[in-house]
Amino acid sequence: MRKAKVFMHDIHAGILEEITPHRAYVFTYLPEYKGPPVSLTVPVRQEAYEYDTFPAFLEGLLPEGYNLEGLLRALKIDRQDLFSQLLAVGNDMVGAVTVQETE
């Protein structure tokens, strides 16, 4: 199971977990997080968000077109592995959300 820290305006907001590769994900806000939501579709709450596909609010931040093709070739990432794509570009995404792989 892979995990990533999700930040909003450089403040650690929550954790994204890949439960089953390409099929099951969980996003949970940190209990102490009091900032704005990472997406309007993911309001801050204590309960975890469960997804049976890669979360749309993060997929929309991934590169497309030539940028995606270059990323996949350079890092040898499978096109279907959106979690790896997210980790690869997590510190350089458009908007206020950034992502870092947990240790």
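Just so we're clear, the structure is a prediction, and the values are computed from it rather than from any experiment.
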Undergrad: Between L16 and K3, is the side-chain contact (heavy atoms from CB on, under 4.5 Å) condition met? List the steps.
TA: CA-CA 6 Å; L16 175 68; K3 294 183 181 183; over 6 Å; no

Undergrad: Are V99 and V26 linked, directly or through other ILVMFWY residues, by side chains that come within less than 4.5 angstrom of each other?
TA: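 No; V26 is not reachable from V99 via cluster members.
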
Undergrad: Once rounded to the nearest 0.5 Å, what's the spacing between atom CG of L87 and atom CD of E101?
TA: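 Taking CG in L87 and CD in E101, the distance rounds to 5.0 Å.
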
Undergrad: Measure the CZ-OG1 distance between R45 and T28 for me, rounded to the nearest 0.5 Å.
TA: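 Going from the CZ atom of R45 to the OG1 atom of T28 covers 9.5 Å.
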
Undergrad: Measuring from atom NZ of K5 to atom CG of L30, what distance do you get when rounded to the nearest 0.5 angstrom?
TA: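 It is 9.5 Å, given to the nearest 0.5 Å.
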
Undergrad: Begin from the C-alpha positions of L75 and Q85 and carry the test side-chain contact (heavy atoms from CB on, under 4.5 Å) through to its verdict.
TA: CA-CA 9 Å; L75 300 179; Q85 292 176 37; over 6 Å; no

Undergrad: Which side-chain N or O atoms in residues 50-64 pair as donor and acceptor under 3.5 Å with protein atoms at least two apart or in another chain?
TA:
none

Undergrad: How long is the gap from OG on S84 to NE2 on H22, to the nearest 0.5 Å?
TA: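 So the OG of S84 and the NE2 of H22 are separated by 8.0 Å.
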
Undergrad: Within the supplied structure, the quantity of interest is the number of heavy atoms (other residues, nucleotides, ligands) at a distance under 6.0 Å from D10 CG; does it exceed 12?
TA: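 Open: at most 12 neighbouring heavy atoms sit under 6.0 Å from CG of D10.
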
Undergrad: How long is the gap from CZ on R2 to CG on L86, to the nearest 0.5 Å?
TA: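 Spacing of CZ (R2) from CG (L86) equals 9.5 Å.
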
Undergrad: Is there a donor-acceptor contact under 3.5 Å from the side chain of Q46 to the main chain of P31?
TA: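 Pair absent, no side-chain N/O of Q46 close to backbone of P31.
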
Undergrad: Mind checking what makes ring pair (Phe, Tyr, Trp, His ring centres under 6.0 Å) contact with H12, not counting sequence neighbours?
TA: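 Testing H12 for ring pair (Phe, Tyr, Trp, His ring centres under 6.0 Å), a comparison that skips the adjacent residues, returns F7.
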
Undergrad: Does the pair V44 and K34 meet the rule for a side-chain contact (heavy atoms from CB on, under 4.5 Å), with working shown?
TA: CA-CA 8 Å; V44 178; K34 303 296 184 221; over 6 Å; no

Undergrad: Identify the two heavy atoms, one from V38 and one from V97, that lie closest to each other, and give their separation to 0.1 Å.
TA: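 Taking V38 first and V97 second, the nearest heavy atoms are O-CG2, 3.6 Å.
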
Undergrad: Minimum heavy-atom separation for P37 to M8, with atom names?
TA: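 So the minimum-distance heavy-atom pair works out to O-CE, 3.2 Å.
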
Undergrad: Measure the spacing between CE of M1 and CD1 of I19 and express it to the nearest 0.5 Å.
TA: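 If we round to the nearest 0.5 Å, M1:CE and I19:CD1 are 5.0 Å apart.
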
Undergrad: Do the rings of Y29 and Y33 sit parallel, tilted or perpendicular, given the 30° and 60° boundaries?
TA: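 The rings of Y29 and Y33 lie parallel, inter-plane angle below 30°.
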
